[in-house]
Amino acid sequence: MTNFARLNQAMGLQRSSASSKQKVQPMTGVVKNDENSGDLSLASITSDLHDISNPNKPIPSDLAYNSWVVEHPSALGSFDRMMKAAKWKRIVVFLDYDGTLSPIVDDPDRAFMSDEMRAAVREVAKYFPTAVISGRSRDKVKEFVQLSNVYYAGSHGMDIMVPPRPLRPCDANNHTTASAMDIKGSDVLFQPAKRFLPAIQEIRTLLEEITRKVEGARVEDNRFCISVHFRKVREEDYGMLEEKVKSVVGKYPEFHLTLGKKVLEIRPSIEWNKGHALEYLLDTLGFSNSSDVLPLYIGDDRTDEDAFKVIRSRGQGFPIIVSSTPKEDTKACYSLHDPSEVLTFLLRLARWRKASSSSRSLAQIWCVGSNLPRSV
Ligand SMILES: O=P(O)(O)OC[C@H]1O[C@H](O[C@H]2O[C@H](CO)[C@@H](O)[C@H](O)[C@H]2O)[C@H](O)[C@@H](O)[C@@H]1O
C-alpha cells in the first residue's frame, strides 16, 4: 500500500473516531464532551498519524486504538494546543527511561538509547529543568543516558540525586525526610528506602538462587528494588517462576511484588513512588508553590501512572503515555505511539522553546529557585 493510501485509510478511521466530539482540555487534559468543540483539524489528524514518512512502520489501524487515541490524543497532534496553554508558564520535563527513551528489548543490559534521542534530551534540558525517573538503579540509568544536565531518580524514585537546597523548618521535623538525606559532594541524595538495603541484598541472593535453574530468567539489582525478568522464560515455566518469587517475597512482610513489562519487581512497601519523586523534584527545584508550573511527564509503564495521577491531582501539566496499544485504565491525558514519537516530540519541544525564547532571555524562562542543572 502506498503512503498516500495508508494516510487515507487512517484518516478515514481518525475522522469517524473524532466525530464523537470528545476533547481534551489543554491544561488539565480532562476529557469532556463538548458539542461546540469542533472536530480535530486536518492538521492535527494528519499529525496524529504515526510517522507517515516511514513506510515500514505500521499505522495502528484497529478501531480500538483509534477510539482510544481520541480520548488520549497524540501529544504531537495536540502540540500547538498544549504549547498555547503553556505560554508564560514554566514547563518541567520528566522522562521515564525503558520504553520511553529506549525501545523495549530482550536484554535489559542492551536497552541503549540512540544518539539522536540523547541529543534531543540534551537539547530539551537546555531549555527546561529535566529529570529522568526510572525503575533502574540510578547509576545504571545515568550510564545509559550519559547527560550531565539532567537530574536522575532511580529505583522508581526511591533514589534521587539533586543539588542542595536550604532546609526548611518542616524538613527538620520530618524524621523520614531528614534520615533519608545524605550529602554527596555538592549534591544531595534522597533515599527514603535506605533502611531496607540489607534486606534487599538478602532478597537478591535468594532470588538468584531460585531462578538459577529457570531457563531465561534474569535477576536485575536496581538497588532499592529487584527485578526478575521473564521475557525469555518459556511460557510453561512462568507459573513455576512466579510461585518461586512469591515464596521469597512471602518471607519479607515489608516488601511486595509488582508486575511490569515481562518483569516481576520486588519493592519495599513504603509510601513512595514515581509520583512522590515528581513532587519531591518539583519542590527541590524550587517549583513547589508555583501555580504556573506545568510538569510534563512521558512514560510507558504502570509505575508511571503514579506520576500521571499526581499531575492530574495538581490540575495542571501534561501526563503523556507511550503506548502502541489502547491502555484503558491510564491516567494520562495524551499519548505518543513509541519512542520514535517521543524523539519527535522532544525535538519539537526544544525547537518551540528556542523560537519563543529569541525575544526573552533563558534566565527569564525558567530560572526559578536556585538549583539550576549544571551545563552540559
Ligand atoms: O521505569 P523504567 O525506566 O521504564 O524501568 C522499568 C523496568 O525497565 C527495564 O525492563 C524493561 O525493559 C527491558 C529492556 O527493554 C526489557 O527487557 C524488560 O522486559 C522490561 O520490563 C529494566 O530492566 C527493569 O529493571 C525496570 O524496572
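Everything numeric in this text was worked out from a predicted model, so none of it was measured. Whatever order the structure lists them in is the order used to number ligands and atoms, beginning at 1. Count residues from 1 along the sequence.
A 4.5 Å side-chain heavy-atom check between Val92 and Leu281 finds every atom pair outside the cut-off. Residues Met82 and Ile91 fail the side-chain proximity criterion, which asks for heavy atoms closer than 4.5 Å. Counting heavy atoms from C-beta on, the side chains of Asp306 and His276 never come closer than 4.5 Å. The closest side-chain heavy-atom distance from Ile203 to Lys251 is not below 4.5 Å. Proximity of Cys333 to Arg312: side-chain heavy atoms (C-beta onward) are separated by under 4.5 Å at one or more points.
The protein non-hydrogen atom at the shortest distance from atom 24 (C) of ligand 1 is Glu220 OE1, 3.5 Å. Looking from atom 10 (O) of ligand 1 to the surrounding protein, the closest heavy atom is His229 CE1, 3.5 Å. Protein heavy atom closest to atom 21 (O) of ligand 1, with residue, atom name and distance, is Lys261 O, 2.5 Å. Of the protein's heavy atoms, Asp98 OD2, 4.2 Å lies nearest to atom 7 (C) of ligand 1. When only non-hydrogen protein atoms are considered, atom 3 (O) of ligand 1 lies nearest to Ser134 OG, 2.8 Å. Distance from atom 19 (O) of ligand 1 to its nearest protein heavy atom, with residue and atom name: Arg231 NE, 2.6 Å.
Which parts of ligand 1 touch Pro108 is read off a 4.0 Å heavy-atom cut-off, strictly below it: atoms 14 (C), 23 (O). When each atom of ligand 1 is checked for a heavy atom of Asp106 under 4.0 Å away, the hits are 17 (O). Every atom of ligand 1 with a heavy atom of Tyr97 under 4.0 Å away is listed here by number and element: 3 (O). Within ligand 1, counting atoms from 1 as listed, the ones closer than 4.0 Å to a heavy atom of Pro103 are 15 (O). Taking every non-hydrogen atom of Asn222 and a distance limit under 4.0 Å, the qualifying atoms of ligand 1 come out as 25 (O), 27 (O). Within ligand 1, counting atoms from 1 as listed, the ones closer than 4.0 Å to a heavy atom of Arg136 are 9 (C), 14 (C), 22 (C), 23 (O). Under a 4.0 Å criterion applied to the non-hydrogen atoms of Val263, ligand 1 contributes the atoms 21 (O).
At a 3.5 angstrom cut-off on N or O pairs, Thr303 does not count as close to ligand 1. For the pair Gly135 and ligand 1, the shortest N or O to N or O distance falls below 3.5 Å. Residue Ser227 places at least one N or O, backbone or side chain, under 3.5 Å from an N or O of ligand 1.
For Glu254 and Ser269, the side-chain atoms include no donor-acceptor pair closer than 3.5 Å. Using modelled atom types and a 3.5 Å distance limit, the side chains of Asp292 and Gln316 yield no donor-acceptor pair. If you check the side chains of Asp338 and Ser340, you find a donor sitting under 3.5 Å from an acceptor.
Contacts with ligand 1 closer than 4.0 Å are made by no heavy atom of Cys225, backbone or side chain. Contacts between Val141 and ligand 1 below 4.0 angstrom, taking non-hydrogen atoms only, are absent altogether.
The nearest pair of heavy atoms linking Met113 to Leu101 is CB-O, 3.5 Å. Residues Trp272 and Gly157 approach most closely at NE1-O, 2.7 Å, considering heavy atoms. Here the shortest heavy-atom pairing between Arg223 and Leu197 reads O-CD2, 3.5 Å. Between Gly317 and Leu294 the shortest heavy-atom distance is N-CD2, 3.7 Å.
Residue contacts with ligand 1 include Lys274, since one of its heavy atoms falls under 4.0 Å from the ligand. The closest approach between any non-hydrogen atom of Gly299 and ligand 1 is not below 4.0 Å.
Salt bridge annotation for Arg302-Glu305: absent, with no cationic side-chain nitrogen under 4.0 angstrom from a carboxylate oxygen. Ion pairing between Asp98 and Arg136 holds under the 4.0 Å rule for side-chain N and carboxylate O.
Between atom 15 (O) of ligand 1 and the options Asp221, Asp107, Val105, the minimum heavy-atom separation is to Val105. Taking all heavy atoms of Arg302, Glu265, Lys232 into account, the minimum distance to atom 27 (O) of ligand 1 is reached by Glu265. Considering Asp96, Leu101, Val219 only, the shortest heavy-atom separation from atom 4 (O) of ligand 1 involves Asp96.
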